[in-house]
Each structure stands twice: as structure tokens, then as C-alpha cells.
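In what follows, a structure is listed as C-alpha cells, so that the remarks can point back to it.
Computed from a predicted model, the values in this text were never measured in an experiment. A, B, ... follow the sequence lines: proteins, then strands. Residue 1 opens every chain.
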There are 2 protein chains.
Amino acid sequence: MASDLASQDYRLDEQVGFLLRKANQRHLTILSGMMPGGLTSMQFSTLYRLATEPGPVSQNALGRMVAMDAATTKGVVARLQARNLIRTEPDPTDKRRYTLSTTEEGRALLAGILPVMREITRETLAPLSPTEQETLVRLLKKIS
Amino acid sequence: MASDLASQDYRLDEQVGFLLRKANQRHLTILSGMMPGGLTSMQFSTLYRLATEPGPVSQNALGRMVAMDAATTKGVVARLQARNLIRTEPDPTDKRRYTLSTTEEGRALLAGILPVMREITRETLAPLSPTEQETLVRLLKKIS
DNA sequence: CGGCCATCATTTGTGCACAAGTGACGTTTT
DNA sequence: AAAACGTCACTTGTGCACAAATGATGGCCG
């Protein structure tokens, strides 16, 4: 019965998992409300990583850099490519791979987004004091 | 060019958004590895909330309690129902609504899962000291 | 060399998450 | 009572996230 469960004293909204999900939800709401060009969080991350990577990058490798699996990466890359923000060409030395690179358009969009991303991070952390903000980031790094 | 972006000094893996997502990912990996009965995180949360709610609950209301929108709730409820963990019946006083309730089977499964959920939370927070764990939960509450 | 195994990109299937729209029903307001 | 507005459940469409499988290719080892 319900009293059995109640006696277990488990508070859903005190669990890290529940709070991580809700915090992430709030962040993504802020992000999609401010992001120019209609990019999603992962489209931005992927584009940014590709733009700042010095050498050539394959699709799977790029996905791994932003913690996406191969199947998810495929979709994100396809959407970025459809918007002419990135380009792919066959790797000459490995017939399995495609080498990805950003387009001029992609880099221009990225430059405009970067200041906004700072603003989005600020807004997400706004309920916390500067010290708390640093603490949160430090602790999240440890459990991610 | 890349140097333009580099000079902007934006570190992706220091951003709250990126870290929230990765922390959530790790937590969900732990969860799906330990969860009995193959329930997902949201299936558990929904079932738990329904089981511990004293009065009758409609579908949309239940979804809101665990921060899901109506469209998402529909799917989660359908899967719980298909497994005979919850039941729905038409609300006599409001023809738009269905009143949800847990089945005996649902409550039994839940009772077995609760200790595991505690273990999952523990595992997720394992990299942190007890004080840090409390701090993280406190800060996450503020930004969720 | 030839077999073995890892990796690459891709596909299929399932499950959240949210936006936008629909028709049925309730409530409130005039 | 009629109109206006809100809510309920549901649908469609898009986008991540991951498991599992596939065929092509590359590296390694005996």
C-alpha cells in the first residue's frame, strides 16, 4: 500500500537524478529561447568542436568529442550539413572515413553565437552566487 | 578562422550546460545498468509519484508532477499500462479525464525498486564526499 | 599471405522532450 | 444562456540518446 512506500522515506525531488534532469531542462529552455539561428545545443557543440579542432576530424571522432554516440552524431552532422554549416569529404587515406570541416558560413554563425552562449550560461547560473557557480561546475565535473 | 574562435576563450567542457548533460548521461547509464524490470528513469518516477499520491490523479496532472509535458506523459503512461503497472478509468465527474491508479503488480515492482534507486543515487554521487553531495543537491535545486 | 579483430559509417527500433495544432469538455464572464 | 477562455487528452513532426546489427575497410598477428 501507499503507507509501505511512504515509510520508505524516498523523496523523488531530492534525488540527484531528478534534479539533474530538471536543471538540464531549464538550461535547454533558456538556450532555445536565446539561441540565434535556431541551432540546438548539440548542433552548436558539434559545430564549435569542429571549428576549434586543429587537425582533420572524422565523424565518429567528432561525435566522441562532444559525448555523442555514432548514431546520434549522424543525425546532428546531417542537419548541420543541410544548413551548409559544415562540409564532408572522403578521407584519401582511409576509405571508411569522411573528413569534416566547417564552412565559412558555419564559422560566421559560430562567431555570432559565442557571446550568446556566454549569456546563456550566465542565465542558467543566475540563481547562484559567484562562489556557488564555481562550486557547482567543479562538482559536476567530478560526476560527469 | 580558428584563431578568432580560440581568442574568444570559450571552453566547452567548462560550461554548465555541457556538464549537466554529461552528468545526466552518466547517471542514466548507471540507472539503466542497475534498474530491475527494465524500467526507465521516467517510468519509475511516474509510477512512484502515482503510487505515493493520496488522491486521484489525471494523466496530465501526473505528468506535471514529474516535469513531463502532456505528449511525453502519454507515451510513458501507455508503456506502464501495457505492462500492467498502472490502470486508467474514466473520471465520472469530468468526461475529459482519465483517473490513473497503480496496480498491485505496479506497487510490488516499486517496492523492489526503491532500495535499488537509493543505490543508484549513491553510485551517481560516489565521486563526491558526503559534504559535496549535499552541496551539489542544494545547488541543483536552485537552478532547476 | 590469410585470418582475426577493431573501427568506420550507417540503419532500425525504442524512448524521452518539446512545439504546434485539434476536438471535446468545463468554467467563467458577460 | 451564449460567448470566451482554459484544460484534457491526443496527434504530428522534429530532435537527441542509446542498443543492436550490418557491410566495408584497415591493422595486426601468426
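- Look at A:Arg21 and you'll find a side-chain N or O under 4.0 angstrom from OP1 or OP2 of C:dA17.
- Rounded to an integer number of Å, the gap from CG of A:Leu31 to C1' of D:dC16 is 13 Å.
- To the nearest angstrom, C1' of D:dA9 lies 11 Å from CZ of B:Arg64.
- Atom CG in B:Asp91 sits roughly 12 Å away from atom C1' in C:dG26 (whole-Å rounding).
- Toward the 5′ end of DNA chain D lies the nearest nucleotide of A:Val76, the other residue of the pair A:Arg96 and A:Val76 mapping further downstream.
- Taking the nucleotide of DNA chain C with the nearest heavy atom to each of A:Ala71 and A:Asp94, the more 5' of the two is matched to A:Asp94.
- An OP1 or OP2 oxygen of C:dG26 is reached within less than 4.0 angstrom by no side-chain nitrogen or oxygen of B:Arg97.
- Of all heavy-atom pairs spanning B:Phe44 and A:Leu12, the tightest one is CE2-CD1, 4.2 Å.
- At the heavy-atom level, B:Ser58 lies under 4.0 Å from the strands shown only through sugar-phosphate atoms.
- Following rounding to the nearest Å, A:Leu20 (CG) and C:dC16 (P) show an atom-to-atom distance of 18 Å.
- Rounded to an integer number of Å, the gap from B:Gln59 CD to D:dT7 C1' is 13 Å.
- Neither OP1 nor OP2 of C:dC16 sits under 4.0 Å from any side-chain N or O of A:Gln25.
- In this structure, A:Glu105 does not pair ionically with A:Arg83, as no charged nitrogen and carboxylate oxygen lie closer than 4.0 Å.
- Taking atom CG of residue B:Asn24 and atom P of nucleotide D:dC18, one finds them 10 Å apart after rounding to whole Å.
- A:Leu28 has its CG atom 17 Å from the P atom of C:dC16, to the nearest Å.
- Rounding to the nearest 0.5 angstrom, the gap separating the OG1 atom in A:Thr124 from the NE2 atom in A:His27 is 4.0 Å.
- In this entry the distance linking CG of B:Asp69 with P of D:dA9 reads 13 Å, nearest Å.
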Legend entry - Intermediate values then yes/no, side-chain hydrogen bond (donor to acceptor under 3.5 Å, both in side chains), A:Thr121 and B:Gln15: CA-CA 7 Å; A:Thr121 290; B:Gln15 308 301 310; 2.9 Å; yes
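- The A:Lys95 side chain lies nearest to D:dT25 when the options are C:dG15, C:dG26, D:dT25.
- Base contact: B:Asn60 has a heavy atom under 4.0 Å from a base atom.
- Using a 4.0 Å heavy-atom criterion, one finds that A:Thr40 contacts the sugar-phosphate atoms exclusively.
- Using a 4.0 Å cut-off between charged nitrogen and carboxylate oxygen, A:Arg118 and B:Asp9 do not count as a salt-bridge pair.
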